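Working notes for the structure below.
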Amino acid sequence: MHILAIETTGAYASVALAEDDKIIAKVEGHDRFSHLQNLTPQISQVLGEGGLSIGDVDAIAVSQGPGSFTGIRIGVSTARALGQVSGRLCVPVPTLEALAMRGGQAADAKADTLICPILDARRSQVYGGGYFLEDGFPVEKVKAGPYTMEEFMDLVAEYDSVLFLGDGVDAYREKIESFRNGGLAFAPLYQDAEQVAVLGKRIFERGISFSYEGLKPEYMRLPEAERKLREKQGK
């Protein structure tokens, strides 16, 4: 089985090609938020390195969000376009779950460590969730959603060992440390297409996939422009 995976929810886009559970080609972007101009060449590169065309893959997995609204739109729209031209099914991969899988690579990620990917949602909020890994795959313990740091820290307070990763750490590490003494660890790890590919394969094998029309993004909250418009209409 071949899975093409797309990750554009963070500052750097990445694309991976997996054969079963093995990554056979991967490319990472090095320019911040350059997804629009770089994603298509990245996809062409990994398919070329794998010796495949888009019609040869079994499914297209895409990190569906949360994260950068613009990045999510680019990734999902690209996956939809590829699905339309190739007839391949699209697999939505929850961004926080894929990032939690990557957290398992951190030195501080022990079996009893709650892995908490957090993404900067601006307005003093994060998109976050809490997971244990079982056989390398995430099991949700703290529901994924938009939170203030106060709300999120209340939810993880019962866990003795907590690992934070994602760009929310860059924005809120000092605030996180102010809530508790001990039991905290941080990892400089961010979204990556490799985990999107591996988790996407598992999701696909569970029968969760869509034609291109059915693939939807997961923003977790309204885009800023739409939120302001609704507030204005409400007034």
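Basis for what follows: all heavy atoms, side chains included, without hydrogens, waters or symmetry-related copies. Since the model is a prediction, treat every value here as computed from it, not as a measurement.
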*Is there a side-chain contact between Thr148 and Ser124, using heavy atoms and a 4.5 Å cut-off?*
no
_Applying a strict under-4.5 Å side-chain criterion to I, L, V, M, F, W and Y, I'd like to know whether Leu96 and Val196 cluster together._
no
_Tell me whether the rings of Tyr147 and Phe152 are parallel (<30°), tilted (30 to 60°) or perpendicular (>60°)._
tilted
*Would Leu155 and Leu184 show up in the same hydrophobic cluster when neighbours are defined by side-chain heavy atoms closer than 4.5 Å?*
yes
*Straight-line distance of Thr40 OG1 to Ile74 CD1, nearest 0.5 Å*: 10.0 Å
*Given side chains that start at C-beta, do those of Leu17 and Ile3 come closer than 4.5 Å, heavy atoms only?*
no
_Considering all heavy atoms, the nearest Pro138-Ala100 contact_ = CB-CB, 4.3 Å
*Atom CG of Leu99 and atom CG of Leu199: how far apart are they, to the nearest 0.5 Å?*
11.5 Å
_Straight-line distance of Thr113 OG1 to Leu163 CG, nearest 0.5 Å_ = 7.0 Å
_In the structure I gave you, are the side-chain heavy atoms of Val15 and Glu7 within less than 4.5 Å of one another anywhere?_
no
*Under the 3.5 angstrom rule, does the side chain of Ser14 hit a backbone N or O of Glu28 as a donor-acceptor pair?*
no
*Can you check side chain to side chain contact (heavy atoms under 4.5 Å, CB included) on Ile118 and Val169, steps first, answer last?*
CA-CA 7 Å; Ile118 56 172; Val169 173; 4.1 Å; yes
*Does Tyr131 reach the side chain of Val139, with side-chain heavy atoms less than 4.5 Å apart?*
no
*Non-neighbouring partners of Ser34 that pass side chain to side chain donor-acceptor pair (under 3.5 Å), sequence neighbours left out*: Asn38
*With sequence neighbours excluded, give me every side chain to side chain donor-acceptor pair (under 3.5 Å) pair touching residues 89-102.*
Ser63-Thr95
_Return the CD to CD distance between Gln64 and Glu218, rounded to the nearest 0.5 Å._
6.0 Å
*Does anything in residues 45-63 pair up under salt bridge (Lys or Arg N to Asp or Glu O under 4.0 Å), and if so which pairs, sequence neighbours excluded?*
none
_Residues forming a side chain to side chain contact (heavy atoms under 4.5 Å, CB included) with Ser77, sequence neighbours excluded_ = none
*side chain to side chain contact (heavy atoms under 4.5 Å, CB included) against Arg206, all qualifying residues, sequence neighbours excluded*: Arg202
*Would you check if Cys116 and Leu114 make a side-chain contact, meaning some heavy-atom pair closer than 4.5 Å?*
yes
*asked:* Nearest 0.5 angstrom please: Ile208 CD1 to Cys90 SG, how far?
replied: 14.5 Å
*Residues in ring pair (Phe, Tyr, Trp, His ring centres under 6.0 Å) contact with Phe33, at least two apart in sequence or another chain*: His35
*asked:* Grouping I, L, V, M, F, W and Y whenever their side-chain heavy atoms are under 4.5 Å apart, do Val91 and Met1 come out in a common cluster?
replied: yes
*Heavy-atom pair with the smallest gap, counting every atom of Ser86 and Ile54*: CB-CG1, 3.9 Å
_Min side-chain heavy-atom separation Asp120-Asp170 under 4.5 Å_ = no
*Partners of Phe204 by ring pair (Phe, Tyr, Trp, His ring centres under 6.0 Å), sequence neighbours excluded?*
none
*Within one Ile-Leu-Val-Met-Phe-Trp-Tyr cluster: Phe164 and Phe179, side-chain cutoff 4.5 Å*: yes
_Using side chain to side chain contact (heavy atoms under 4.5 Å, CB included), reason through Ile60 and Leu89 one step at a time and then give a plain yes or no._
CA-CA 6 Å; Ile60 302 158; Leu89 292 172; over 6 Å; no
*Would you list the pairs meeting salt bridge (Lys or Arg N to Asp or Glu O under 4.0 Å) in which at least one residue belongs to residues 185-200, sequence neighbours left out?*
Lys26-Asp192, Lys26-Glu194
*Begin from the C-alpha positions of Leu82 and Leu4 and carry the test side chain to side chain contact (heavy atoms under 4.5 Å, CB included) through to its verdict.*
CA-CA 10 Å; Leu82 291 172; Leu4 176 69; 4.0 Å; yes
*Over all heavy atoms of both residues, which pair between Ala193 and Ala16 is shortest? Give the atoms and the distance, please.*
CB-N, 3.6 Å
*asked:* Going by side chain to side chain donor-acceptor pair (under 3.5 Å), name the residues that satisfy it together with Asp167, two or more places apart in sequence or in a different chain.
replied: none
*Between Ile115 and Met101, is a side chain to side chain contact (heavy atoms under 4.5 Å, CB included) present by the stated rule, with each step listed?*
CA-CA 9 Å; Ile115 299 177; Met101 285 181 62; over 6 Å; no
_salt bridge (Lys or Arg N to Asp or Glu O under 4.0 Å) partners of residues 133-158, not counting sequence neighbours, each pair once_ = Glu150-Lys175
*Establish, yes or no, whether a centroid distance under 6.0 Å links the rings of Phe69 and Tyr219.*
yes
*Would you check if there is a donor-acceptor pair between the side chains of Gln191 and Thr9 at a distance under 3.5 Å?*
yes
_Is there a path of hydrophobic side-chain contacts, each under 4.5 Å between heavy atoms, that joins Met220 and Val93?_
no
*State, to 0.1 Å, how close Arg180 and Tyr159 come at their nearest heavy-atom pair, and which atoms those are.*
NH2-O, 2.9 Å
_Which heavy atom of Gly75 sits nearest to which heavy atom of Ile6, and what is that distance?_
CA-CG2, 4.2 Å
*Does CG belonging to Asp112 count more than 12 external heavy atoms closer than 6.0 Å?*
yes
*I would like to know whether Lys201 and Asp20 meet salt bridge (charged side-chain N to carboxylate O under 4.0 Å, His left out); could you show each step before the answer?*
CA-CA 8 Å; Lys201 174 178 177 287; Asp20 296 324; 5.3 Å; no
*Does Ala121 have any side chain to side chain contact (heavy atoms under 4.5 Å, CB included) partners at least two apart in sequence or in another chain, and if so, which?*
Gln125, Tyr127, Arg221
*asked:* Among residues at least two apart in sequence or on other chains, which ones pass side chain to side chain contact (heavy atoms under 4.5 Å, CB included) with Tyr212?
replied: Arg80, Gln84
_Taking every non-hydrogen atom, the tightest pair across Gly65 and Ile72_ = CA-CD1, 3.7 Å
*Got a second to check how far Leu119's CG is from Tyr190's OH, nearest 0.5 Å?*
11.0 Å
